[in-house]
Amino acid sequence: MPDATPILPGRVIGVLGGGQLGSMFATAASRMGYRVEAISDVADCPAAIHCDHLHVGDYADSAFLERAATACDVITFEFENIPASAGRALTAAVPVRPCPEVLFTTQDRAREKEFLTSHGIPCAAYRVVRSRDELQEAVKVIGLPAVVKTAAFGYDGKGQAKLSSLADADAAWRSLGEGPGGPNTLVCEAWIEFDCEISVVAARGLDGATLAFPPSRNAHANHILDVSSVPAGLPEAVLDEAAALATKILTSLGVVGVACVEFFVTREGRVLVNEIAPRTHNSGHLTIEACDTSQFEQQVRAVCGLPLGSTRLRSPAAMANLLGDCWAQGEPDWASALAVPGVSLHLYGKREPRPGRKMGHLTALAPTVAEAIERVTRARRVLRRG
Ligand SMILES: Nc1ncnc2c1ncn2[C@@H]1O[C@H](COP(=O)(O)OP(=O)(O)O)[C@@H](O)[C@H]1O
Ligand SMILES: [Mg+2]
């Protein structure tokens, strides 16, 4: 049985990873009276700005991790590509929430898909492949178009290729399958002609209670999340199905904390799981302004063994990511963007605005979701100079 004693304000929360999710988590935790110690492999990271202390070292160095852990009362994550061995090294010293097994399952697409199918949770037809011939075979069974993804370390569409022919499959094997240290494991899945994509951020407390945020509708550009909006504008039955699947996933995985489930909604209104992130999510950023409790405060509550907060939507809202591309013509025109009614700005403190790099986001509230999307995309348009 896990220790059910709540970790109260004044205590220390450790967060593994130093990116913007860790930074927004630190802001929420610090406002609630916690001390936050971030653990990162780089010193100059977004979390460094808002945490009380930053431990810098190698995630594979278990002595470093154990040292950092001794300063903390509980440890959580802000990104999942941390060696599961690192998580396990920490559990000896301090409660780790969610537990490293959750990370182990969700950081590998093959294991994640196996988890989904073994629990009867719908996802795209797929095959796990470890050679050129297995990929050819998989494409014949699954059909075309298909998409092939590296099992490990993919994000923002990296490590993926769409296949329209068997020749594409050979090219994809050469670029994704042939690793320097031997063949990589790939997942080949059916291409889904979806009506839209949605995601559900949900939390599960130490007592097993679960609560989902309202599903958000997500539009991607170049495989990177572009705009999220809530309400998602889909039939109640579709939204309920997504929330029920997300809750089932958190419970089956034994998550204590926050996780996000991404879905495809097919033209027939079927809901298929795309992927699981065992942490807060970019599509949940709008909860900061739009919900009674933000996804970051919810993570604090869940990992500290406190009651989960209300996920009620206070207002229709939309979020637009600010990629490094917004800096192409120089420093963005912040004043013009902030002149748009209902708009809030979040910048992550990253110095180098590289194209495709998530530098910050805008959130807009409005009386309707259509107006929220109009406001947030207008604000993003006017901040680009030239
Ligand atoms: N099987 C698929 N069918 C159709 N579109 C897909 C499929 N898999 C991925 N995509 C598109 O690519 C995007 C990124 O893929 P995803 O698996 O979520 O990887 P990432 O880790 O990069 O977010 C998805 O949000 C979706 O737009
Ligand atoms: Mg994704």
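Keep in mind it's a predicted model, so treat the numbers as computed, not measured. Note that ligands are numbered from 1 as they come in the structure, with each ligand's atoms numbered from 1 the same way.
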Q. Can we say Arg380 and Asp226 salt-bridge, meaning some charged N sits less than 4.0 Å from an Asp/Glu carboxylate O?
A. yes

(Q) Could you tell me if the side chain of Phe115 sits less than 4.5 Å from the side chain of Thr106, heavy atoms only? (A) no

Q) Mind checking whether Tyr348 and His285 have parallel, tilted or perpendicular rings, split at 30° and 60°? A) perpendicular

Q) Under 4.0 Å between a Lys/Arg side-chain N and an Asp/Glu carboxylate O for Glu352 and Arg354? A) yes

Q. Taking NZ, NE, NH1 and NH2 as the nitrogens, is one of them in Arg127 or Glu134 under 4.0 Å from a carboxylate oxygen of the other?
A. no

Q.
Does any part of the side chain of Asp170, heavy atoms only, come nearer than 4.5 Å to the side chain of Gln136, both counted from C-beta?
A. yes

Q: Nearest 10° is fine: what angle sits at the Mg ion (ligand 2) between OE1 from Glu262 and OE2 from Glu275?
A: 100°

Q: Give the protein residues with at least one non-hydrogen atom closer than 4.0 Å to an atom of ligand 1, ordered by chain and number.
A: Arg109, Val147, Lys149, Gly154, Tyr155, Asp156, Gly157, Gln160, Glu189, Ala190, Trp191, Ile192, Phe194, Glu197, His220, His223, Glu262, Phe264, Asn274, Glu275

